Amino acid sequence: MTPDSETRMRELLSSVDIPASRMNATDLVREGARTRRRRRQRLTMSVAGVATLGLGAAIGVAGLPGRPGGPAPGLSQRAGASATAAPVACAVQRLALPKGSTAGEVTAGSPNGRYLAGVVTGKDNPGKPVFWAGARPVPIPIDGTGEAEGVNDSGVVVGEGQTADRRHYAWAYVDGKVVELPVPNGYTGAEASAINAKGQVAGVLFAGDRTAAVVWQAPTATARAKVLEAPGGAMAFGISDSGVVVGGLHDGSAAYWWDARGLGGKLTSPAGTVGGSAYGVRGDWAYGLLKRDGKPPTGDPTASAPQTTDSRVAVVWDLRNDRAATVDDGRVQAVNINGQVVVDHPHNTASIREVDGTLRALPGLAAEGTTHATTLSDDGTRAGGGSADIPVSWFCAPGKGNR
Amino acid sequence: MSAEEDREYVEYVSAALDRLRRAAFLLCGDVDRADDIVQSALVAVYLNWKKIRTVGNLDGYVHRILVRRYIDETRKSWARVLLAWRDTDTAAQAGPSVEDSHAVQAALAKVSRGQRTVLVLRFFCDMSVQETATVLGLSTGTVKSQTARGLAAMRDLLGEEWQATPAGASREPRRMR
C-alpha cells in the first residue's frame, strides 16, 4: 500500500470527534487510590491460594476439587472465573527476566519441555527475544527488535526481527550465535515461525504487499530456501518433524497445509466457518483459528454453559483423516504429539485440554491480570506462557493423552 | 504515591486524555465503552506510575496498555461490540462535527474488527508494524496484510470522501513507516 494511503488514513482518523466526557484527572487519581486499596486486600487472599496449590501439586494428587457454584460474593468476576475452572493440577512458576527488562512472555517451547523462548520488554526496549534453558534467561542478541517464534529439542531458536531501518528478517539462534536466514531473490524481507527436530524452519517471505510461505532446510545463513506454492501467496506458521507445513493463504480465505514434498491444499473448514489460518502443527495434529460465517453466533440452545461470542473459532485438525473439531471455549495456542492442547479462555484464563475434553486450569500469578498459555510439551507436563505480563512456566501432573 | 508524583500524573493525564479517548472510541465505536476502557487503562497507569513515569516513550507505553484493555474487554463482550458498531444511531449521535467524521465512523464500522484495530493502532496510535503485532499477538505478516486490506476497504467504502482533502489536513504525518 502506498504511503499516500497511509497519510490519508491518518488524516481521516484524526477527523473523527468524540463528545466531551465528565472524566477528569482528579477523579482518576481517586479511583486509582481506591483500586490500590482493594488490590492489597485481594493480594492477601491470592497468596493464601498459591500456598494451597503448591501442596496439591507436590503430593501428586489428581487435583483439588473446583469450587462449586458461581463466584464468591465480593470477588471480581475475573477472580471468580479462575476459581471455578476445573480441578487444579498445575503449578505456576515465574521465569526470571534479563536485567533491565520489566515484562515478557513465553512464545515458544520445545516438545521435550526442556527449552522455552519468548520476548521481553522494558524501558526503551519494545521487544527482544530471550531463551530459557532452566530458570536463567539468556538474551538473544539480534539486530534491532524482535521475538522468538519457535524452539526445537536441540535448543535451536528461530524468530523474527526488525532492524532500526525497518528491515524484517528471519533469524536462528544456534549454539549461542545468531544467524540470519537467507532471503531468496525477488523478496525483500522474511520472518521465521517454527523449527522442527531436523532443523527445518518454516516462515514467511515478504515483497511489498505480497507474501510467500517458505521452508529453510537448515537454520543456517546458507540454507536452501524452498518457496511453497499457494494461490495468491501464503504464510507458514508451523512445521512438523516429518516436514508437514501449516499456515494460511495471504488473503485470509483459507487455512492451508503442505505435505513434506511441498504439495499444498486447503484444510477442512467445519460448517459455520470461513477463512482463517492454521498456526501450528505437531505430529498429526494442527490447530488454528477460523472466522465464523456471517451472522453473530446464536449459541447452542441445548448447551448449559454460555457460548463464546468471539468472531473467530478455534479448530484442531487431525491430519490423518483431515477431520476438524471446533473448540468452543477459547483459542487453542499449542498442540502436542498426543493431541492435548492449551486453550486461552475469553476471561483471561488458560487451561490444558485433555483429549477427552477435561480441562486442567493453568493458574496465574495473581487473581488480577491476564494469563495466556502458548506452549505444551509432548508429555503434557510442561507449559509456558505469560501471566500479568511476566513470563511463566507451568509444571503439571501427567494428564490423559493418546486418543 | 507522593504529592509530587500525583501532580505529575494529573499533568500527564490532562494532556493525554483527549487523545486516549479518541483512540478508544475509534477502536470500539461507543462513547461510554471508550470511557470505561480509558478509565481502566489510566487507573492501571496510576497504580504503576512510580515505574511508568520514567519510561522513554510514555505515550506509546500508555497506548499499549489501552489496547490491552480494549482486547481484554472485547474478549468478554464481543457481542456488545458488534451491536455498538452496527447501531448506526450510536455512530450518528457520537460525532458532533463534520460530515467527514461521520463517514469515517460509518466506514470503520463496516471493516472487520481485526482490520479496524490494526488501522487505529498503526495510523492513530502511531505504532509500528512490530509494536502492533506484539500488542495484538499476531505475526508481523498478518499485521501487514490486515493493514493493506483495511486501507483498501476504507478507500472503497469512503469513495469520494477518501479522495477529498479535508480542511486543515495538510499537516505532515507524524511518523512514516
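Treat the numbers as computed from the prediction; the structure is a model and nothing was measured. Chain letters run A, B, ... following the sequence lines, proteins first, then strands; residues in each count from 1.
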Q: Could you measure the distance from the CG atom of B/L26 to the CD1 atom of A/I18? Nearest 0.5 Å is fine.
A: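 With rounding to 0.5 Å, CG (B/L26) is 8.0 Å from CD1 (A/I18).
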
Q: Heavy-atom distance under 4.5 Å between the side chains of A/M235 and B/S145, does that happen here?
A: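 Touching, per the 4.5 Å side-chain cut-off.
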
Q: Any side-chain to backbone donor/acceptor pair from A/R8 onto B/W162? Under 3.5 Å, distance only.
A: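 Checking the backbone N and O of B/W162 against the side chain of A/R8, a donor-acceptor pair under 3.5 Å is found.
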
Q: Considering all heavy atoms of both residues, which atom of B/V129 and which atom of A/H168 are nearest to each other, and what is their separation?
A: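 Closest pair (atom of B/V129, atom of A/H168, distance): CG1-CE1, 4.2 Å.
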
Q: Would you mind reporting whether A/E191 and B/S139 have side-chain heavy atoms less than 4.5 Å apart?
A: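 Touching, per the 4.5 Å side-chain cut-off.
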
Q: Hey, could you give me the CG/CZ distance between A/L13 and B/R122, rounded to the nearest 0.5 Å?
A: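 It comes to 12.0 Å.
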
Q: With heavy-atom distances below 4.5 Å as the criterion, would you say the side chains of A/R10 and B/D126 are in contact?
A: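 With C-beta onward as the side chain, the pair touches.
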
Q: Measure the CG-CZ distance between A/D4 and B/R155 for me, rounded to the nearest 0.5 Å.
A: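 Here the rounded value is 10.5 Å.
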
Q: Mind checking whether A/S15 and B/V104 have side chains closer than 4.5 Å, heavy atoms only?
A: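 A/S15 vs B/V104: side chains touch.
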
Q: Closer than 3.5 angstrom, by distance alone: can the side chain of B/R22 be matched with the main-chain N or O of A/V16 as a donor-acceptor pair?
A: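 Yes, the answer is positive, given that a donor and an acceptor are paired below the 3.5 Å cut-off.
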
Q: Measure the OG1-NZ distance between A/T211 and B/K144 for me, rounded to the nearest 0.5 Å.
A: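 It comes to 10.0 Å.
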
Q: At a 4.5 Å cut-off on heavy atoms, which part of B/T142 comes close to chain A: side chain, backbone, both, or neither?
A: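 Answer is both: backbone and side chain atoms of B/T142 are under 4.5 Å from chain A.
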
Q: What residues, two or more places apart in sequence or in another chain, satisfy ring-ring contact (aromatic ring centres under 6.0 Å, His included) together with B/Y12?
A: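 ring-ring contact (aromatic ring centres under 6.0 Å, His included) check on B/Y12 returns B/W49.
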
Q: Can you find a pair of side-chain heavy atoms, one from B/T140 and one from A/Q162, that are under 4.5 Å apart?
A: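 SC-SC contact between B/T140 and A/Q162 ruled out.
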
Q: Listed by chain and number, what are the side-chain contact (heavy atoms from CB on, under 4.5 Å) partners of A/T375, not counting sequence neighbours?
A: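 Scan of A/T375 (side-chain contact (heavy atoms from CB on, under 4.5 Å), adjacent residues dropped) gives A/V106, A/L116.
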
Q: For A/Y279, is it the side chain, the backbone, both or neither that has a heavy atom under 4.5 Å from a heavy atom of chain B?
A: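 A/Y279 has no heavy atom closer than 4.5 Å to chain B.
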
Q: About how many Å separate OG1 of A/T121 and CD of B/E131, when rounded to the nearest 0.5 Å?
A: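 Output value for this atom pair is 11.0 Å.
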
